[in-house]
Amino acid sequence: MAPKRPLRKKYIIKPAYQVKLALVMAISFVLYSLVLAFILFYPLFRELQASVSMEEQARISNIVLYLHARLWPAVFIIAVLVGVQVIISSHRLFGPIYRFEMTLKNFLNGDFSQRIKLRKHDSLKETEALFNRVAEYLEDESTKNDRLHESIKTRLSEAAQRLVSGDDAQVAKARETLLAIIKELG
């Protein structure tokens, strides 16, 4: 059985984004609730205006007060729950984004060996595969460049030694080496 990956300790990974998203969603919920309140209360308001007897007005007023007492605390509680749910849900998106950013910082420092492994239910799984392919390509190219650098360094050192010897044959070999390096780099 494979060892379990550790769970992330923090749900708010990118506060600027996650809190903003949670606030937008909670405010949206409140605005939708205002529309719901209008749909509930406007007919009662119209009925209240149309009623002529005091008993009918009292009955409608009691209904309105009862609905207000039940609706607004529920809207507030649900808005908070929506905000919390958005933070928890966005964790599956912003966690991978955070991992991508940290790995990119390593790439900028020349470390192309890191690969990203997202959790089973994280978002951006298709980006994970593409990102890891790019990392492999960069690592391969970096290795090729390192080998080329070492090869050229060695060959230039040998050519320099041949030039110092002053022997015409050695100078000709040094010239061939230099021309081959130039052609290889060109």
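From a predicted model like this one, the values you see are computed outputs, not experimental measurements.
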Inset, instruction - Given side-chain contact (heavy atoms from CB on, under 4.5 Å), test Glu139 with Arg115 step by step and report yes or no. - result: CA-CA 11 Å; Glu139 188 174 32; Arg115 300 296 181 268; 2.6 Å; yes
Inset, instruction - Go through the steps for Ser151 and Arg155 under the test side-chain hydrogen bond (donor to acceptor under 3.5 Å, both in side chains), then give the verdict. - result: CA-CA 6 Å; Ser151 169; Arg155 289 163 45 203; 3.3 Å; yes
Legend entry - Under-4.0 Å salt bridge between Glu136 and Arg133: no
Inset, instruction - On the 0 to 90° scale, with breaks at 30° and 60°, tag the Phe45-Tyr42 ring pair as parallel, tilted or perpendicular. - result: tilted
Inset, instruction - Ignoring hydrogens and angles, tell me if any N or O in the side chain of Thr154 forms a donor-acceptor pair with the backbone of Glu150 under 3.5 Å. - result: yes
Inset, instruction - Give a yes or no on whether Leu21 and Leu31 share a hydrophobic cluster (residues Ile, Leu, Val, Met, Phe, Trp, Tyr; joining criterion: side-chain heavy atoms under 4.5 Å apart). - result: yes
Inset, instruction - Would you confirm whether Ser90, through its side chain, and Ile87, through its main-chain N or O, come within 3.5 Å as a donor-acceptor pair? - result: yes
Legend entry - Heavy-atom donor-acceptor pair, Gln18 side chain to Lys14 backbone, under 3.5 Å: yes
Inset, instruction - Check whether Leu138 and Leu148 end up in the same hydrophobic cluster, where Ile, Leu, Val, Met, Phe, Trp and Tyr are linked by side-chain heavy atoms less than 4.5 Å apart. - result: no
Inset, instruction - Measure the acute angle between the ring planes of Phe112 and Phe107, then classify it against the limits of 30° and 60° as parallel, tilted or perpendicular. - result: tilted
Inset, instruction - Answer with yes or no whether the hydrophobic clustering places Val24 together with Val82; edges join I, L, V, M, F, W, Y residues whose side-chain heavy atoms lie under 4.5 Å apart. - result: no
Inset, instruction - Using the rule that two of Ile, Leu, Val, Met, Phe, Trp, Tyr join whenever any of their side-chain heavy atoms come within less than 4.5 Å, decide whether Phe29 and Leu34 are in one cluster. - result: yes
